[in-house]
Structure formats: C-alpha cells, structure tokens
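In what follows, chains are A, B, ... by sequence order, proteins preceding strands, each numbered from 1. Computed over heavy atoms, backbone and side chain alike; hydrogens, waters and symmetry mates excluded.
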Amino acid sequence: MGVDLGDLIEKQEIELEDLRGKKIAIDALNAIYQFLSIIRQPDGTPLIDSNKNITSHLSGLFYRTTRLMEIGIIPCYVFDGEPPKLKSATVEERKEIRREAEKKWKAALEAGELAEARKYAQAASRVTESMLEESKKLLNALGIPVVQAPSEGEAQAAYICQQGDVYSVGSQDYDALLFGAPRLLRNITITGKRKVPRKNIYVEVKPEMIELDSAIKEIEVTREQLIEMGILIGTDFNEGVKGIGPKKSLAHIKEKSLKEWIKEGKFEFEVDVEVLKKIFLKPEITKNYSLNWQPYDQEKLIEILHEKHDFSKERIENALEKLEKSRGAKDQKSLQEWFR
DNA sequence: CTCTTCTA
DNA sequence: TAGAAGAGG
C-alpha cells in the first residue's frame, strides 16, 4: 500500500519508449502482487497449471519483462528481505483484509455475482514464498539480475538508484521517494486500459515519472519534511493521524516540525517519531549487490514455463523471437551493449 | 498482465 | 485492419 502522496507530487506522463536504454530497479513484490491480482478470469480465478499451482505471476512477469526488454528497457528486480518489526501491524492488518475478502469472494461466487467475485478475489491475493522463489528462477533464466534486499525492497532499490547503477526505481508505491529514490516510475508493470470501479468506463493508465528533487522543490519541502508528512498521513510502519491526508500534512509540516507539534501535544504517535524517520533516512540496505545482465536461457525458460507449468511452448518461443527481432533493430545500440 | 481470435 | 472479446494456465 504505502504512503498516499498522490495528488501532491508533481509527475510527468511518459511513454515506455522514452525509457529505451535505461536501467530500472523494479520492486519485485510490488510487481508480482499486481500480476497476481490482475491476471484473473472474470470470476476471479487466477491462472493455474495442471497441478493446481497458481501461475498468474509467472505469466505477468514473463510477458511484461520480455515486453520491456523488447522496447530496450533494461530491468532488474529487487526482492524484499525481512520486514522491519514496526511493519508487523500492517502485515497483520493485510492478512485480516485478505481473510475477509476470501469469504466474500466465495459468497459472491455462490450468488453468481461475477464482478463482485472478481473484486474480492483480487483483494484476497496473497504472494507466497514459493511464488517468490519461482519468480527468481524465472528472472534468472531470463538473464535478468535479481537483488535480494536485507529488508525493504523499496529502500534497496532507492539506494541502487542513488548510486547511479540504475536510472530509476519502478514501483506503484511512493515509499521509494521517502527512502530517497532520485527517480520513481509508476505504472510500468501495469499499463493500458483499466476499468474504473463501479463505472462502465475505462481510463488509459500511462507510465509516469517523478523526480524527487523537483517534486519536493515544487511543494517547497525537504526530503526530511516529506518523510514527516508521510508519518502524519500514515506509512507501513505507523498509523497516521486521523483526518490528515496529503494536503493537510503539507500545510502542517510547513507550519512547524513534527517534533514541535508533538511537543505541543497536538499529535501523538505510538512509536517514537525519530525511530520512524530513521527507517526512511537510514534504511537497512546492502552495498553488496551486483547487476549482471546475461542472455536468456531458452532451455531453462521452456523447462520452467512449459514443462513445469503448462505454458504453451509456442507462445514462449514467440515471445523470445520478438525479443530477438527487436534486438536486431539498428537503433538499439544501447541494448546490444548490455551483453558485452 | 499479454496474446490470439473474432467481428465489423 | 483495428478494436473488442476471450483465452491463457
């Protein structure tokens, strides 16, 4: 979920093609969760192989990643490690929401309410340990680097971006900005047309880019103030103040610091605010990672997707063929360079 | 989500 | 041939 900075932050609509030749560190859990929740049948059933294993995430990861590569984008994926202890409340809360959604899904199915069923099925999506393991194997076979974060993936991705090893972080959540990512790309794993809930209309979802420096300059705050705003609104690590959203948080933080507000007794937090701020300012990351792009291993891909999970061999080969074709194109030197 | 097939 | 609809696993 992450912090809701939505309307405050200045963003720039872009085309995927604008990112040709750019390296991007994608928040793996974020992407996998999106695939798992979106790739479903009308009644909410995910894709499954003959052994009843869910495969929606693999389908999304494979086709989306090869499409990005086809355009000439150079992705790597960052996986989460142990969540900070302060996240446990959020984790529990999400579990409960999923349990409720699961019940409602089944009820809606029995009542024959397809759209309702799908909605609750999506909310019930749960990324399991084995899904993550398989996703890593798939990315390995694709020759895409996988970085294992010690703690929060967004924090690690932000660090990799700060080091200049990638152009941008890719995630739906704004948290990466609080972690100090110089650039954030949203909507790069979900694009195209999306149905507006409860309405029969579709909106075009386009990739958007946020540059941390210009975004905070625009609203005239520092990164530290942005973090304080996040804490007021609520993050994965603390409950926000009731009734305070992006707009009010900005006004409050501009008036005086969080520390002063607390001292005056205006706001109260269960956790020491300095501890919260430290999660974002000095996150647990590793400097020990390597981004090493390799050619894909067709045999391994066939083994994982076709032999193990019943994907059509023809479709896999088609996807790889398209990749080859785009790689042969003249104007994509940057893509070729990455294999040398 | 992306891909293939159907339809005007 | 382009856009909608359905399938994929």
Side-chain angles (χ1 to χ4, degrees), chain A residues 15-17 19 24 26-73 75 77 105 109 114-115 117-128 130-139 141-142 144 170-173 185-197 199-208 296 298 300-326:
Chain A
E15 304 291 332
L16 280 180
E17 285 71 18
L19 299 169
I24 296 172
I26 298 174
D27 179 0
L29 181 63
N30 194 272
I32 290 166
Y33 179 81
Q34 308 265 19
F35 297 139
L36 186 61
S37 94
I38 287 167
I39 304 176
R40 282 168 190 265
Q41 291 172 351
D43 70 349
T45 314
L47 298 184
I48 43 174
D49 64 21
S50 54
N51 292 318
K52 305 268 171 78
N53 293 309
I54 294 177
T55 53
S56 296
H57 58 299
L58 296 176
S59 179
L61 204 53
F62 177 68
Y63 290 116
R64 188 59 179 175
T65 305
T66 49
R67 234 204 102 196
L68 292 176
M69 291 161 78
E70 205 184 301
I71 293 168
I73 296 167
Y77 284 83
W105 177 19
L109 269 184
L114 274 196
R118 193 172 200 280
K119 184 176 90 182
Y120 289 120
Q122 286 186 291
S125 305
R126 196 174 80 87
V127 177
T128 65
S130 70
M131 287 177 190
L132 294 171
E133 284 312 311
E134 279 187 309
S135 298
K136 286 178 194 171
K137 281 184 194 156
L138 177 63
L139 290 167
L142 272 169
I144 298 294
S171 175
Q172 286 310 98
D173 292 348
L185 286 161
R186 302 184 70 238
N187 302 340
I188 63 157
T189 47
I190 50 161
T191 44
K193 288 197 163 126
R194 286 202 115 192
K195 200 171 171 295
V196 177
K199 286 179 193 160
N200 210 8
I201 51 172
Y202 288 80
V203 286
E204 179 94 12
V205 179
K206 285 203 150 194
E208 54 191 39
Y296 61 79
Q298 179 149 356
K300 231 181 228 165
L301 287 168
I302 298 281
E303 186 190 310
I304 297 170
L305 294 173
H306 175 62
E307 287 164 27
K308 215 165 165 205
H309 294 295
D310 307 322
F311 280 59
S312 143
K313 202 172 172 181
E314 205 185 7
R315 274 193 173 199
I316 301 166
E317 285 164 351
N318 278 349
L320 297 178
E321 210 168 292
K322 273 171 80 183
L323 201 54
E324 285 311 320
K325 255 187 205 159
S326 78

Could you state the atom-to-atom distance from [atom1] of [X] to [atom2] of [N] in whole Å?
X: A:R64; N: B:dT2; atom1: CZ; atom2: P; answer: 4 Å
X: A:I316; N: C:dG9; atom1: CD1; atom2: C1'; answer: 11 Å
X: A:I304; N: C:dG9; atom1: CD1; atom2: P; answer: 16 Å
X: A:N53; N: C:dG9; atom1: CG; atom2: P; answer: 14 Å
X: A:E314; N: B:dT4; atom1: CD; atom2: P; answer: 8 Å
X: A:L320; N: B:dT2; atom1: CG; atom2: C1'; answer: 14 Å

Is there a donor-acceptor contact under 3.5 Å linking the side chains of [X] and [Y]?
X: A:D43; Y: A:T45; value: yes
X: A:T66; Y: A:Y296; value: no
X: A:D49; Y: A:T55; value: no

Among the candidates B:dC3, B:dT4, C:dG9, find the nucleotide nearest to the side-chain atoms of A:N318. B:dT4
Between the protein and nucleotides 5-8 of chain C, are there any N/O to N/O pairs under 3.5 Å, and if so, what are the atom names and distances?
none

Side-chain ion pair, A:K325 and A:E70, N-O less than 4.0 Å: no
Mind checking if [X] touches a base, just sugar-phosphate, or nothing, with heavy atoms under 4.0 Å?
X: A:T189; result: sugar-phosphate
X: A:K308; result: nothing
X: A:P42; result: nothing

Non-neighbouring partners of A:K136 that pass side-chain hydrogen bond (donor to acceptor under 3.5 Å, both in side chains), sequence neighbours left out: A:Q148
When every non-hydrogen atom of A:R40 is compared with those of A:Q122, the smallest separation belongs to CD-CG, 4.1 Å
